[in-house]
Protein chains: 2
Amino acid sequence: MVISKIDKMHSLSKNQQIIFDLIDKSPEPLKAYTILFNVQKKGIKAPPQVYRALDKLVEMGKIHKIESRNAFIACHNSSCQVAKATAFSICEICEKVTEISSAGLSKYLANFKDKDGMKYSKYNLEFFGLCKKCR
Amino acid sequence: MVISKIDKMHSLSKNQQIIFDLIDKSPEPLKAYTILFNVQKKGIKAPPQVYRALDKLVEMGKIHKIESRNAFIACHNSSCQVAKATAFSICEICEKVTEISSAGLSKYLANFKDKDGMKYSKYNLEFFGLCKKCR
DNA sequence: CTTATAAATGTTATATTATTACATAGTGTT
DNA sequence: AACACTATGTAATAATATAACATTTATAAG
């Protein structure tokens, strides 16, 4: 076995790489059909090709879905180990989205227990407000 | 002026009332087209009628949208004053959704500051895991 | 009461987001 | 080579949401 499992886990297929590169270069979250439009010249012609790649990239933690916007952003936490515990701030005017990486916040949420004492290792938090520029 | 502003703020129009009643009675979050199907006998025939009522109800804090599920649930915080600061737990197996009302959590999030010192009064948090029954 | 304004409704059409289903091709392992 | 697994290609369609415009109803001021 030349390629270790670890290496394998970090390797992207052709379509995954194309779509990840596009999202990673983008200064703003991209919607699925915006992505589709932008990769048609690279041979990705149909929605399922885009959605499949997006699904895998989300699973891997390489990108995150901004649920309130139906859009995708590259993970900016160095490790990409936080695929399942995400937090973002969203400007309601310019729609700028920033991934929040706060040890305090993630610790608080990872340890949060509901009324029944249940803990949840997976969560998605979206803060809304006005960014510096828009205030 | 017989009806005070306070009363007015809590009164729902005909379509809003029909749709709120349906959601409020439901044990699970309802999707827009499920709602549409269920209120057609009451004369609400087209998507815009449903979406308009949903928008208003969300604004008023009478219902909340579960963003990761595109579904709507009635507010279960007695006051309905927390329209803009919501938290839910979602079971990944049975899809049961519960609104979390934790003074500690809401206080923590309302006071959370990002790297730039920004505060956000509005947020939506969705926890994922397995409910008691599904474990 | 009536008139101006805003809020809500009704309706058709269409835009946007996402999935199903099935056929084909590549990759890694034995 | 044979197998299992993952990824890809393609067409059709399902599910979610909004635009645009006409009409009606509710509210509050004069």
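Labels below follow one simple rule: chain letters A, B, ... track the order of the sequence lines, proteins then strands, and each chain is numbered from 1. Because only heavy atoms are used, hydrogens play no part in the values below, and waters and symmetry mates are left out as well, while side chains stay in.
A search for ring-ring contact (aromatic ring centres under 6.0 Å, His included) contacts involving B:Phe88 returns B:His64, not counting sequence neighbours.
Within the structure, a side-chain polar atom (N or O) of B:Asn70 is placed less than 4.0 Å from OP1 or OP2 of D:dA17. Taking side-chain N and O atoms only, B:Ser13 has no distance below 4.0 Å to OP1 or OP2 of D:dT25. Distances shorter than 4.0 Å separate some side-chain N or O of B:Asn15 from OP1 or OP2 on C:dG10. Regarding contacts with the backbone of D:dT16, every side-chain N or O of A:Lys31 stays at 4.0 angstrom or more from both OP1 and OP2. For the OP1/OP2 pair of D:dA7 and a distance below 4.0 Å, the side-chain nitrogens and oxygens of A:Lys14 include no atom meeting the criterion.
Less than 4.0 Å separates DNA chain D from no heavy atom of any residue of residues 21-28 of chain A. In the region residues 40-55 of chain A, proximity to DNA chain D at under 4.0 angstrom, judged on heavy atoms, holds for A:Lys45, A:Ala46, A:Pro48, A:Gln49, A:Arg52.
Rounded to the nearest 0.5 angstrom, A:Phe127 CZ and B:Ser121 OG are separated by 10.5 Å.
Scanning atom types as modelled, one donor and one acceptor separated by under 3.5 angstrom connect the side chain of B:Tyr33 and the base of D:dA17.
Each side-chain hydrogen bond (donor to acceptor under 3.5 Å, both in side chains) pair with one or both residues in residues 125-135 of chain A, not counting sequence neighbours, appears once here: A:Ser68-A:Glu126, A:Asn124-A:Glu126. For residues 27-49 of chain A, the set of pairs meeting the side-chain hydrogen bond (donor to acceptor under 3.5 Å, both in side chains) definition, not counting sequence neighbours, is empty.
Helix-axis bend for the helix from C:dC1-D:dG30 to C:dT30-D:dA1: the local axis fitted to the five terminal pairs at one end deviates from that at the other end by 40°, rounded to 10°.
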